[in-house]
2 protein chains.
Amino acid sequence: MPPEPAETRARLLHVACKTFAEKGFRDSTIADISRKAKANIAAVNYHFGDKETLYKEAWRHAHQKMVEAFPPHGGVPEDAPPEQRLRGRIRSLLQRAMCEDGLEFQIMSHELASPTGLLNEVFRDTVRPMRQAMDQLVRQLLGEPCDNLTVRLCAISIIGPCLQILRKRHLHARSEFHPWLNENQLETMVEHFTLFALAGIHAIRTRHHDSPSSASTDKALVSESTS
Amino acid sequence: MPPEPAETRARLLHVACKTFAEKGFRDSTIADISRKAKANIAAVNYHFGDKETLYKEAWRHAHQKMVEAFPPHGGVPEDAPPEQRLRGRIRSLLQRAMCEDGLEFQIMSHELASPTGLLNEVFRDTVRPMRQAMDQLVRQLLGEPCDNLTVRLCAISIIGPCLQILRKRHLHARSEFHPWLNENQLETMVEHFTLFALAGIHAIRTRHHDSPSSASTDKALVSESTS
DNA sequence: CCACAAGTCAAACGAGCATTTGAAATCATT
DNA sequence: AATGATTTCAAATGCTCGTTTGACTTGTGG
């Protein structure tokens, strides 16, 4: 009694997401995924061809679910004041990083640490737009036209802490700790990081106003790369 | 003509650091390391016993070199005002993250993404003290006694961006880009992150002054974990 | 010159893993 | 019920990699 035809593919995809999120591409084995999905070891190759395309499909799946659950703008309309939009983006980042089933960032974390290169194309289409949106928002908050380096450093100052949370979550994942998606705690963190970021940007802004930047547009930090 | 006896061990250690930093534990192979170190494939097992102890020795080596080159306080004396000490710690973090041979953070980055558990003990002795020092410094900057959650979130807001830089460096490592340790650029970043952090902390501080925190000491973010 | 330890080397072993294979089971259509 | 397509299955294949083995080379002390 095979449990629902074509259901196997969905189960494999789901288990693959969790496994890749936990162990990364290389440390995940087809045998392990198949066993956890209650499928035969040949099922992966039958439904997806090989391990690599299963990996790509798994990330696409995890990413799409996250986009639906937590859109990048965090529910704040596009014509809201920049401060509100920043709060929305920070909330979206934190939700994605902290969500119990938020496997998208975990897979991406592995991919950044030891790149397989398999997700490069998908990343170009997904994370680059988010980066550009963040840069544009920062540019608005900084007011008068600023050099790209300043903008990028501010964006890093905003995104960095949110992704740092992700790492802590991953560390705690295998310990006794569980109730991560605490709504109160989330809002506490959103408020903290938003307030912190707005104050930081304001300080940078006034510094620029006092002494116009000597920072050159630096190809290194500003170049077109993922993340 | 074996090039200097007992020299092989040093070459293996050096190559192992670079390889583990680039590929992580699992993706690095003994054969590859041995070949690059111009040593026989059995040399690793002769000099270190097995791959795991080579890994631990490699991290110890990379870490020790970084501690000597860039002490955590960044050259700022312990009795300097907190603002200066924060600047020193941020500089130290950025130097370690950006240094051409700064393999310590790269290995740690892999270890955090997909933990082997082999470095847990060493981490306890090395990164935890740094974390505690940062927390204490933040506590001073925040002034009046603050709850642990607030302190930790501030610390994350400081450390996060510095480690985000590390990830960008790693991405660019395999592209055409090289001259990373630009002294001017380093100071630009130190100034940016320090200014940003001080402004953020000040904002949090005044908020706390206005409305005393309702945030409970949360076991999750505050617990005793590495990093 | 000899004996002994330290170090190096090529070859082989054995485990783990992705992938293939060919048969069996199940489903859909007539 | 029969036929063909789809899906599942256990076993086998072939490759990579960590580790071991045993011989060979080099350096040292008597």
Side-chain angles (χ1 to χ4, degrees), chain A residues 1-59 61 107 110-111 113-119, chain B residues 1-59 61 107 110-111 113-119:
Chain A
M1 44 171 164
E4 305 280 316
E7 185 71 12
T8 307
R9 197 190 133 98
R11 260 179 301 133
L12 280 173
L13 206 54
H14 184 242
V15 172
C17 283
K18 300 190 73 165
T19 307
F20 285 136
E22 184 186 348
K23 306 185 182 181
F25 179 75
R26 188 95 194 299
D27 286 344
S28 302
T29 71
I30 300 245
D32 184 38
I33 293 173
S34 303
R35 188 169 35 78
K36 285 179 184 160
K38 299 190 201 311
N40 186 268
I41 191 172
V44 166
N45 284 282
Y46 175 77
H47 285 284
F48 296 93
D50 55 5
K51 189 184 176 184
E52 298 193 350
T53 55
L54 172 64
Y55 184 55
K56 298 185 211 170
E57 292 292 320
W59 197 84
H61 184 246
I107 298 177
H110 278 109
E111 184 64 23
S114 39
T116 64
L118 298 171
L119 304 183
Chain B
M1 46 170 164
E4 307 281 316
E7 185 71 12
T8 306
R9 195 190 136 97
R11 260 180 299 134
L12 279 173
L13 205 55
H14 184 242
V15 172
C17 283
K18 300 190 74 165
T19 308
F20 285 136
E22 183 187 347
K23 307 186 182 181
F25 179 75
R26 188 94 193 305
D27 285 344
S28 302
T29 71
I30 300 251
D32 184 37
I33 293 174
S34 302
R35 188 169 34 77
K36 285 179 184 161
K38 299 192 200 310
N40 185 268
I41 190 173
V44 166
N45 283 282
Y46 176 77
H47 285 283
F48 296 93
D50 55 5
K51 189 185 176 185
E52 298 194 350
T53 55
L54 173 63
Y55 185 55
K56 298 184 209 169
E57 291 292 321
W59 197 85
H61 184 246
I107 298 178
H110 278 110
E111 184 64 22
S114 38
T116 64
L118 298 172
L119 304 183

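Computed over heavy atoms, backbone and side chain alike; hydrogens, waters and symmetry mates excluded. Just so it is clear: chains get the letters A, B, ... in the order the sequence lines come, proteins before strands, and each one is counted from 1.
- Rounded to whole Å, the distance from CG on B:D50 to P on C:dA15 is 17 Å.
- Closest contact between the side chain of A:H47 and the listed nucleotides D:dT8, D:dT19, C:dT19 involves D:dT8.
- Within the 4.0 Å cut-off from OP1 or OP2 of C:dA10, at least one side-chain nitrogen or oxygen of B:N40 is found.
- In this structure, the salt bridge (Lys or Arg N to Asp or Glu O under 4.0 Å) partners of B:K36, at least two apart in sequence or on a different chain, are B:D32.
- With B:N45 contributing its side chain and B:F48 its backbone, the two residues share no donor-acceptor pair below 3.5 Å.
- Per the geometry, CG belonging to A:N45 stands 14 Å off C1' belonging to D:dC9, to the nearest Å.
- A:S34 comes within contact range of no nucleotide atom at all, as no heavy-atom separation falls under 4.0 Å.
- Between A:T8 and D:dT8, a side-chain N or O to OP1/OP2 separation shorter than 4.0 Å is present.
- Heavy atoms only, all atoms of each residue included: B:S114 and A:D27 are closest at CB-OD2, 4.3 Å.
- Each of A:F25 and A:A42 was matched to the nucleotide of DNA chain C holding its nearest heavy atom; the match closer to the 5' end belongs to A:F25.
- C:dC17 atom P lies 9 Å from atom CG of A:D32, rounded to whole Å.
- For the pair B:Y46 OH and C:dA5 C1', the interatomic distance rounds to 8 Å; values are reported in whole Å.
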Worked verdict on A:H61 versus A:E57 for side-chain contact (heavy atoms from CB on, under 4.5 Å): CA-CA 6 Å; A:H61 184 246; A:E57 292 292 320; over 6 Å; no
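- Between the CD1 atom of B:I41 and the C1' atom of C:dC13 there is a distance of 12 Å, given to the nearest Å.
- Going from atom CZ of B:F48 over to atom C1' of D:dT19 covers 16 Å, rounded to whole Å.
- Rounded to an integer number of Å, the gap from A:R35 CZ to D:dA10 C1' is 16 Å.
- One can place CD1 of B:I30 at 10 Å from P of D:dT20, the figure rounded to the nearest angstrom.
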